[in-house]
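Reviewing the structure listed below.
So you know, we letter chains A, B, ... as the sequences are listed, proteins then strands, and number each from 1. Keep in mind that the numbers below use all heavy atoms, side chains included, and drop hydrogens, waters and symmetry copies.
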Amino acid sequence: MTSGSRRLRVRSGTVSRQVEVAPDGALRVEGAAEPVDVTRLDRNTYRAAVDGRRMAVWTVDDGDRCRVFADGCSFTFELDLAVAAAARSARPDEDAALAAPMPATVVATRAEPGQSVRTGDVLVVLEAMKMELTIRAPGDGVVDAVHCRQGDLVQPGVPLVTMRPRRGA
Amino acid sequence: MTSGSRRLRVRSGTVSRQVEVAPDGALRVEGAAEPVDVTRLDRNTYRAAVDGRRMAVWTVDDGDRCRVFADGCSFTFELDLAVAAAARSARPDEDAALAAPMPATVVATRAEPGQSVRTGDVLVVLEAMKMELTIRAPGDGVVDAVHCRQGDLVQPGVPLVTMRPRRGA
Amino acid sequence: MFSRLLIANRGEVALRIVRTCRALGVETVAVYSDADEAAPHVAAADRAERLGPAAPAESYLAGARIIDAARRAGADAVHPGYGFLSESAAFAEACGQAGLGFVGPSPDVIGAAGSKVDARRLAAAAGVPVVPGSEPADQTLEGLRAAVAAVGCPALLKPSAGGGGKGMRVIREAAETEAAIAQTRREAVAAFGDGTLYVERHLQRPRHIEVQVAGDRRGRVVHLFERECSIQRRYQKVIEESPAPALPAALRRELTAAATALARTAGYDNVGTVEFLVEGAGDGSRFYFLEMNTRLQVEHPVTELTTGVDLVWGQLEIAAGGRLPWTQSALRQRGHGIECRVYAEDPAAGFLPQAGRIELYREPAGPGIRIDSGVEEGSLVPVQYDPLLAKVVACGERRDWALARMVEALRRYAILGVETNLHLLLQVLRHPRFVRGELDTGFLDAERDALLQPPGGSALIAALAVAAASRLRGDGGRPDTAAAAPARASDPWTDLPGWRLGRP
Amino acid sequence: MFSRLLIANRGEVALRIVRTCRALGVETVAVYSDADEAAPHVAAADRAERLGPAAPAESYLAGARIIDAARRAGADAVHPGYGFLSESAAFAEACGQAGLGFVGPSPDVIGAAGSKVDARRLAAAAGVPVVPGSEPADQTLEGLRAAVAAVGCPALLKPSAGGGGKGMRVIREAAETEAAIAQTRREAVAAFGDGTLYVERHLQRPRHIEVQVAGDRRGRVVHLFERECSIQRRYQKVIEESPAPALPAALRRELTAAATALARTAGYDNVGTVEFLVEGAGDGSRFYFLEMNTRLQVEHPVTELTTGVDLVWGQLEIAAGGRLPWTQSALRQRGHGIECRVYAEDPAAGFLPQAGRIELYREPAGPGIRIDSGVEEGSLVPVQYDPLLAKVVACGERRDWALARMVEALRRYAILGVETNLHLLLQVLRHPRFVRGELDTGFLDAERDALLQPPGGSALIAALAVAAASRLRGDGGRPDTAAAAPARASDPWTDLPGWRLGRP
């Protein structure tokens with residue numbers, strides 16, 4: 001991936017695709033031949049050009065989900081910066097450490113060492129700023145260790161779960 | 001007028017009407033037989049019932065003016081709480097003292113003692129918070145005294161101009 | 001003409017009626033349940049009266065409350081819309097007794113059309129074929145077996161007291177009869193408290209074609225041509241069009257003649273619809289009277305666009321004692337009209353109705369497009385009522401042209417917040433069988449798998465890209481109300497791995 | 001059919017063309033000046049190309065830039081819309097030379113129709129009456145006096161090189177001739193650099209009635225009936241309708257026959273309009289050819305609603321070498337259509353065009369209402385172009401019904417931020433002479449005082465009340481952008497006497 005790019009995993013039902021945003025704003029959607037050109041027209045309206053053909057796209061945030069209407073179809077997506085951890089490193093199969101983004105209280109742990117997990121599985125549930133936050137698996141893999149327990153107050157940056165990708169997945 | 005009511009003078013071109021808002025929200029428009037029933041439907045849309053018949057009314061603030069669309073007609077209004085000074089006192093013909101609402105700088109005085117003024121005439125121009133503010137005559141009358149000069153920094157509540165209503169006006 | 005009309009309905013049809021009243025200079029009175037206090041139909045009317053709690057029985061079905069509201073508001077007539085009390089002879093009667101005009105036919109016509117037996121009798125008297133069948137006087141196994149044998153298999157067994165397809169069961173072979181009777185009767189007793197069964201011939205994937213009629217109190221009757229309503233789910237229409245595709249001219253003449261004869265025989269004195277089932281194709285087609293709807297039909301705009309009339313105006317004229325405003329010789333079909341019903345429902349979950357808040361709502365517009373909607377951005381779709389959000393109606397010189405306009409409108413009808421059937425509608429409109437006009441009432445079931453394919457292609461790509469762009473730019477707020485909501489601080493997780501805000 | 005069409009225009013007409021292209025599956029390319037980068041027509045198209053600065057000469061009138069843009073975007077045809085380059089034979093020619101289809105008639109037809117002399121010659125050849133007049137070879141006082149005497153007084157003196165009514169002068173009596181000639185010539189030289197004068201009979205408050213025609217490259221020609229366009233201000237149409245009210249059937253036949261004859265004679269090979277002036281009423285009416293417009297007319301929707309056709313589709317079909325899609329015998333007028341042009345202008349200030357930001361914009365909708373608009377909430381109305389914001393088109397079974405729908409639509413067409421002519425339009429629609437259909441091109445001038453009465457009554461009362469309510473509640477923010485703007489702290493003046501925020 002391009003240096004300085006950001007990656008998002010966008011999920012909806014059975015669909016899960018990675019979207020890479022280059023520093024220049026170019027959007028590459030997994031499975032699309034060409035980058036998608038996106039322009040914001042107003043608060044909720046965008047124009048997206050896919051393979052040179054433009055269409056109006058509307059979107060609205062709905063809590064943690066993002067609802068999108070394009071070309072007669074509506075989608076409800078969940079977005080994760082899931083693969084960014086791996087992406088930061090030059091070695092994509094390196095173990096991933098998953099940490100809280102801000103001081104938070106652990107509401108529940110949903111993973112145990114040695115457990116196989118799939119992309120998007122919830123590993124830890126936190127609460128911060130009166131919001132419930134979830135730590136999800138950034139990819140298919142196996143949990144190495146869980147470093148927190150229910151009720152812990154955890155600090156940002158401290159790994160809560162470490163896991164390693166499934167080989168050959 | 002009802003105790004606790006607020007009055008506004010609404011002006012547009014040659015039209016100048018007083019609107020009285022009772023504490024219960026009832027709106028009496030000068031020249032209208034019945035109070036107008038106003039309900040807010042969304043940010044910019046109201047429903048007004050005049051003589052029992054309802055109509056949709058749209059409004060948007062445009063700086064110090066208020067634009068309103070009703071029944072195929074658009075209006076641009078300026079609004080003053082002009083007659084409220086007199087209204088506060090039990091004696092409507094008492095002299096009125098006109099003061100700044102916040103710390104402000106006097107940009108210009110437009111009135112001299114003994115001068116006859118009419119409702120809405122500008123008496124003093126102030127600047128505060130990067131906005132230009134005007135003190136206008138709350139009714140027809142005669143200026144008694146001007147207590148400020150260009151460049152003065154004035155404090156809220158301190159009378160800038162005193163004037164008395166025209167007798168028998 | 002009436003001077004103040006109470007509209008005893010909600011949603012798009014209430015708004016539809018308000019629009020005609022505005023043009024006529026008739027004042028309107030909306031009624032509303034507690035679920036609808038902020039609904040668009042309430043805002044649109046000249047006056048509004050509360051009926052009661054959200055439950056239909058305490059609001060839109062509460063005839064006495066509606067008549068009270070009409071009295072309070074000084075209305076001189078009531079328009080029932082469709083659904084709710086629109087086909088209640090008792091309500092029409094009560095309006096009359098309260099001195100209120102009722103915008104619909106006279107109570108006895110409503111009563112006759114509403115009774116299966118009376119309606120069949122009327123059809124027979126008018127020489128209109130009915131689906132062979134009977135409610136045997138002998139309701140024993142023997143009696144019902146004889147009735148099944150009389151119509152032949154496959155036969156349809158249904159509760160006499162039922163309606164809307166509830167409790168109906170197909171008997172494919174004579175051997176299934178006994179079990180079917182037992183089961184259908186059990187359901188009939190449970191659902192309607194009445195185990196009487198009705199047996200009729202089961203038609204093979206028939207088309208549903210109906211004829212719009214209108215009559216006045218002077219005995220004049222006209223028809224306003226047909227509508228094809230074969231695209232149905234769970235016995236409810238989804239897409240309607242006029243003219244019916246590939247309908248032989250002779251059959252159209254027979255259908256319209258049958259409908260007018262029936263309306264004349266019934267003394268029909270307002271706007272109404274005679275529904276038929278058509279079996280077979282081309283010259284081998286046969287048609288059967290299905291039922292008579294004594295009200296404005298949901299799909300009436302299709303007729304308005306192709307004939308150029310305003311059916312609500314006609315309803316009001318006739319109900320106010322005026323003349324039927326149309327003559328048969330001046331009425332012509334022109335071009336093609338098609339309607340798509342946009343429902344808050346999840347087609348993939350068996351068309352489960354959806355409720356919730358419409359977070360974003362953008363109606364398309366353009367030549368040949370009419371939208372009759374009952375919602376707006378921010379509307380709450382309540383659980384208590386029919387989930388119809390809007391009807392998109394397209395017309396054009398030719399059917400393909402009307403379809404193309406419809407497709408373009410639906411592609412830009414942005415509704416977010418509740419699931420809708422928009423994608424399913426588009427899938428139907430693009431289906432080769434539909435494009436060729438090969439329609440029957442089994443279409444939606446038969447093509448279900450193809451129609452329910454999840455969206456993909458460039459729509460998905462564009463949506464994914466916009467979702468990412470909006471999230472990364474942190475600006476995809478709720479429209480309008482966003483200003484009132486506390487702004488979320490910078491999203492801390494956007495620079496951190498493995499994070500998602502919200503409930504698991 | 002073309003596969004990718006460049007639309008060499010802006011505003012509502014560009015959007016109108018996009019809509020037909022979408023239904024046809026033709027990709028669209030918008031062009032824009034710097035003033036229009038965020039304009040709705042740019043957002044609506046599949047692709048967009050910048051032309052240049054806001055000035056028309058550097059953008060929408062810059063033919064070479066437009067052709068370059070078409071090449072860049074891979075377009076295979078150009079639709080010129082109306083105005084700008086739509087009647088430039090040179091541009092049509094240049095498109096052809098660049099290998100681009102031009103959606104309009106062939107360059108020689110455009111050229112002939114655009115020349116007063118050639119057009120009159122064509123009309124004469126087709127046997128169509130023209131307003132008696134001439135451009136005398138002898139341009140001395142004597143020669144022009146003779147020409148005035150030939151047509152009789154009142155006569156109209158106009159610069160041969162002019163157009164759009166500029167520099168025209170009426171000679172009411174022969175004695176005025178000398179002074180009028182001197183003055184008109186001075187103005188002609190100043191305005192057009194050419195003092196040649198044209199003399200014609202001055203018609204007394206004529207009606208403007210035009211006929212929509214269409215022809216293809218195979219020589220087939222049809223007409224699509226007439227439009228009445230007599231409500232004009234400064235020689236620009238404001239309200240148009242079809243059928244023309246109180247037009248004798250015989251005169252309608254003569255007008256449509258004349259228009260078709262002219263189109264046939266001209267070898268007319270696309271959609272166009274033949275304009276006539278009609279003098280007198282009833283059987284004493286006489287009509288004269290005025291001019292031929294070789295493009296889509298602003299008021300074309302009136303014809304679309306009454307005949308049921310899509311004129312832009314017809315234009316594209318014909319330009320792509322297809323057949324004229326209509327036959328005369330199948331074309332029928334049905335119901336009544338009326339169009340109101342909504343301009344950003346101040347009618348009380350001599351119709352001064354207005355520019356600015358549209359702070360609030362709500363389009364009405366309903367059965368029989370079509371709105372072709374080129375703006376949306378937040379749009380900037382630039383000073384450089386025609387201030388037409390939108391066209392509201394209403395149709396109904398009868399004229400009174402179409403008018404009623406139009407009135408109701410305009411009453412709810414909320415536009416705030418720029419002055420519009422909405423109130424004037426409503427005043428016209430409610431004027432007894434207009435309601436009776438007594439129209440002529442002098443109507444707006446003659447009834448000026450009555451039409452320009454400032455609004456009052458319950459609209460004013462409601463507006464005053466809402467202004468006060470909104471200010472006291474402090475919640476009348478700007479829509480949509482309000483979230484972005486810094487919120488104003490509590491209004492300090494609301495509790496204090498004698499205060500108003502803002503400039504004196």
Side-chain angles (χ1 to χ4, degrees), chain A residues 6 8 10 13-15 17 19 21 27 29 31-32 36 38 40 43-44 46 48 50-51 53 55-75 77-82 84-85 88 96 98-99 101-102 110 122 125 131-138 156, chain C residues 348 357 359-362 407-420 422-423 425-427 429 454-480 482 488-489 491-504:
Chain A
R6 290 189 289 177
L8 277 167
V10 184
T14 55
V15 176
R17 302 260 188 118
V19 182
V21 188
L27 283 146
V29 177
V36 183
V38 173
R40 191 180 183 213
R43 181 166 194 84
N44 299 93
Y46 288 76
V50 179
D51 300 331
R53 185 84 185 257
M55 68 179 90
V57 180
W58 290 267
T59 181
V60 63
D61 272 3
D62 185 14
D64 55 328
R65 295 173 305 174
C66 175
R67 295 183 187 267
V68 186
F69 182 94
D71 204 18
C73 310
S74 57
F75 304 89
F77 292 126
E78 300 185 346
L79 294 96
D80 304 90
L81 276 167
R88 289 206 169 175
L98 301 161
M102 65 183 102
R110 298 264 172 87
V122 174
V125 182
M131 288 182 295
E132 219 169 68
L133 314 172
T134 55
I135 295 196
R136 289 168 182 269
Chain C
R357 187 172 182 275
E359 302 287 354
L360 183 137
Y361 183 80
R362 301 292 148 86
V407 166
E408 290 312 307
L410 297 186
R411 289 174 70 185
R412 281 164 185 81
Y413 196 172
I415 303 177
L416 289 174
V418 293
E419 281 294 308
T420 73
L422 275 169
H423 182 61
L425 291 169
L426 281 164
Q427 294 284 89
L429 294 167
S458 58
L460 176 61
I461 301 291
L464 287 162
V466 167
S470 137
R471 188 49 64 103
L472 286 174
R473 289 164 199 177
D475 50 15
R478 293 190 175 206
D480 201 42
R488 178 190 291 177
D491 284 327
W493 52 270
T494 48
D495 286 328
L496 280 156
W499 274 93
R500 193 175 68 85
L501 293 174
R503 274 155 259 308

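In this structure, chain C has a heavy atom under 4.5 Å from the side chain of A:Val50, while its backbone stays farther away. Interface remark: C:Leu460 contributes backbone and side-chain atoms alike to the contact with chain A (heavy atom separation under 4.5 Å). Both the backbone and the side chain of C:Leu422 come within contact range of chain A, each with at least one heavy atom under 4.5 Å from a heavy atom of that chain. Contact of A:Val10 with chain C is made through backbone and side chain together, with heavy-atom distances under 4.5 Å. No part of A:Ala56 comes within reach of chain C, as not one of its non-hydrogen atoms sits under 4.5 angstrom from that chain. With a 4.5 Å cut-off on non-hydrogen atoms, A:Ala48 touches chain C through its side chain but not through its backbone.
A distance of 10.5 Å separates CG in A:Leu8 from CG in C:Leu464, rounded to the nearest 0.5 Å. Atom CG of A:Asp61 sits about 11.5 Å away from atom CG of C:Leu360, to the nearest 0.5 Å. Taken to the nearest 0.5 Å, the OG atom of A:Ser74 stands 5.0 Å off from the CD atom of C:Glu419.
Pairing each heavy atom of C:Ala462 with each of A:Met55, the nearest pair is CB-SD, 3.9 Å. Nearest heavy atoms, A:Phe75 versus C:Ala463: CD1-CB, 3.5 Å. When every heavy atom of C:Leu426 is checked against every heavy atom of A:Asp71, the shortest pair comes out as CD1-O, 4.2 Å. Of all heavy-atom pairs spanning A:Thr59 and C:Leu416, the tightest one is CA-CD1, 3.9 Å. Of all the heavy atoms in A:Val38 and C:Ala469, the pair that sits closest is CG1-CB, 3.9 Å. Among all heavy-atom pairs drawn from C:Arg471 and A:Cys66, the shortest one is NH2-CB, 4.2 Å.
Residues forming a salt bridge (Lys or Arg N to Asp or Glu O under 4.0 Å) with A:Arg17 (at least two apart in sequence, or on another chain): none.
When side chains are defined from C-beta on, C:Ile415 does not count as touching A:Phe69, because their heavy atoms never get closer than 4.5 Å. A heavy-atom distance below 4.5 Å is not found between the side chains of C:Ser458 and A:Arg53.
Ranked by heavy-atom pairs under 4.5 Å with chain A, the first of C:Pro455, C:Ala467, C:Ala414, C:Ala465 is C:Ala414.
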